[in-house]
Amino acid sequence: MMNIEEKIKIIEKGTLEVISNDELNSKLEKKQPIAYTGYEPSGKIHLGHAITIAKLKSLQNIGFKIKILLADYHAFLNGKGSVEEIAEIAKYNEMCFRALGLTDDTEFVLGSTFQTKEEYTENVYKLATLTTLSRAKRSMDQVSRNSDNPKVANVIYPLMQVADMVALDVDIALGGMEQRKIQMLARENIDKIGDNIPVCIHTPLLHGLDGDEKMSSSKGNFIAVDDNEKEIKNKINKSYCPIGELDGNPIIEIAKYFIFTNQEKFTIKRPEKFGGDLTLNEDELIDMYSKEELHPMDLKSGVSDFLINYLKPVREFMEDD
RNA sequence: CCCGCCUUAGCUCAAUUUGGCAGAGCGUUGGACUGUAGAUCCAAAUGUUGCUGGUUCAAGUCCGGCAGGCGGGACCA
């Protein structure tokens with residue numbers, strides 16, 4: 001049996017922040033603490049999603065009960081389509097998430113199955129009286145579709161997300177950094193409608209393959225978890241990847257957040273005339289790349305090879321089904 | 001409920017005055033240059049002009065109806 005410090009180390013790995021560390025201790029004393037992430041159903045599940053799924057997997061490994069919210073109403077409120085369309089997409093998303101290696105014990109919850117219940121609705125109303133408009137809007141900065149005609153739905157959304165945490169009785173709320181402001185709103189208000197304030201864990205966001213601020217399905221600048229080999233190669237090859245530059249470099253980010261969270265060493269095949277194959281750990285790769293001793297094309301081909309292999313189980317799982 | 005304004009390429013908008021071949025920038029795609037991408041240069045593609053009826057030889061443009069959006073007024077205090 002692993003002790004609490006070891007577990008905390010695992011939890012913190014690859015995250016940007018854990019709020020707060022102290023509270024994590026008491027959560028870990030529970031028999032089976034609950035960790036959750038909510039996802040708006042999305043046409044494609046991509047590497048950005050996969051970062052959080054990987055984290056959920058590691059939480060599952062150390063004894064957490066995992067609940068994944070398929071946030072159909074949230075997607076609806078965010079203008080992503082009709083409820084029926086979103087329900088279809090949610091089914092597909094569940095398959096993708098399972099394909100990424102979560103155990104059968106993982107609980108998938110469709111938002112609309114509980115988000116109209118009486119206690120839930122009452123909690124949303126209470127939160128509505130506790131939250132200023134500007135705070136609610138601000139919390140949605142990184143989340144909502146920006147529209148010239150913002151809807152009331154935009155401010156209901158974060159309140160529901162807070163109520164979700166109570167309804168699902170979560171001990172850990174995991175999300176990408178774009179969720180931070182909503183998560184903080186939750187931590188500030190949950191004690192007024194429930195009694196279990198979750199520890200909030202935030203993972204890094206991936207830049208888009210085009211170098212854009214964020215990888216997102218609406219921009220088409222992602223690698224989907226069920227992309228085939230050719231698509232993966234193609235997309236990586238077309239990606240923004242300035243020589244010697246680490247910041248905002250999506251290929252470097254994939255190496256950091258996918259390769260080196262899985263393994264110490266990483267082998268890059270490189271033509272003899274450019275120096276031959278390399279086997280590097282994270283620090284060595286970063287060091288070589290920033291010194292321009294590792295060419296982007298070699299990095300790309302190494303990362304492609306890794307992703308093709310990493311996502312192979314997903315493709316197989318999806319084909320079986 | 002009333003009045004005014006708006007709706008044109010994936011996006012931002014021109015073209016409406018005076019009806020006369022629907023355009024630009026950005027983005028996209030393809031080439032050139034790079035041992036990647038980007039930047040740069042060259043080239044190309046892209047339209048139910050919100051929908052609908054009418055006037056006209058000819059309608060994005062004028063007239064009517066509808067839908068959506070924005071603003072104001074009215075109602076109520």
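This structure is a prediction, so every number in the text was calculated from the model and none was measured. In what follows, every heavy atom counts, from backbone to side chain, and hydrogens, waters and symmetry copies are set aside. Letters A, B, ... mirror the listed sequences (proteins, then strands); counts begin at 1.
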Taking any strand in view, what nucleotide pairs with [N] in a Watson-Crick or G-U wobble way, both distances under 3.5 Å?
N: A9(B); value: none
N: U46(B); value: none
N: G73(B); value: C1(B)
N: G38(B); value: none

Is Glu5(A) salt-bridged to Lys9(A), cutoff N-O under 4.0 Å?
->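 Here Glu5(A) does not pair with Lys9(A) in a salt bridge, since their nearest N and O are not under 4.0 Å apart.
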Are any side-chain N or O atoms of Lys65(A) and backbone N or O atoms of Asp105(A), one a donor and one an acceptor, separated by less than 3.5 Å?
->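 Yes; at least one donor-acceptor contact below 3.5 Å.
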Determine the minimum heavy-atom distance between Leu280(A) and Phe260(A), stating which atoms define it.
-> O-CE2, 3.7 Å
Grab the two heavy atoms, one from Ser112(A) and one from Asp72(A), that are nearest each other, plus how far apart they are.
-> OG-OD2, 2.6 Å
Within the 3.5 Å criterion, strictly below it, is a donor on [X] or [Y] matched to an acceptor on the partner's side chain?
X: His202(A); Y: Glu17(A); value: yes
X: His207(A); Y: Glu253(A); value: yes
X: Ser42(A); Y: Ser217(A); value: yes

If the sugar-phosphate is the primed atoms plus P, OP1 and OP2 and the base is the rest, what is the B/S/- string for nucleotides 35-41 of chain B, using protein heavy atoms under 4.0 Å?
-> BBBS---
How far does the [atom1] atom of [N] sit from the matching atom of [M], given to the nearest Å?
N: C2(B); M: C62(B); atom1: C1'; value: 25 Å
N: U46(B); M: G10(B); atom1: C1'; value: 9 Å
N: A9(B); M: A45(B); atom1: C1'; value: 11 Å
N: G23(B); M: A14(B); atom1: C1'; value: 7 Å
N: A44(B); M: G25(B); atom1: P; value: 12 Å
N: G60(B); M: A74(B); atom1: C1'; value: 35 Å
N: G19(B); M: U61(B); atom1: P; value: 12 Å
N: C26(B); M: G71(B); atom1: C1'; value: 30 Å

Between CG of Asn221(A) and C1' of U28(B) the distance, given in whole Å, is 14 Å
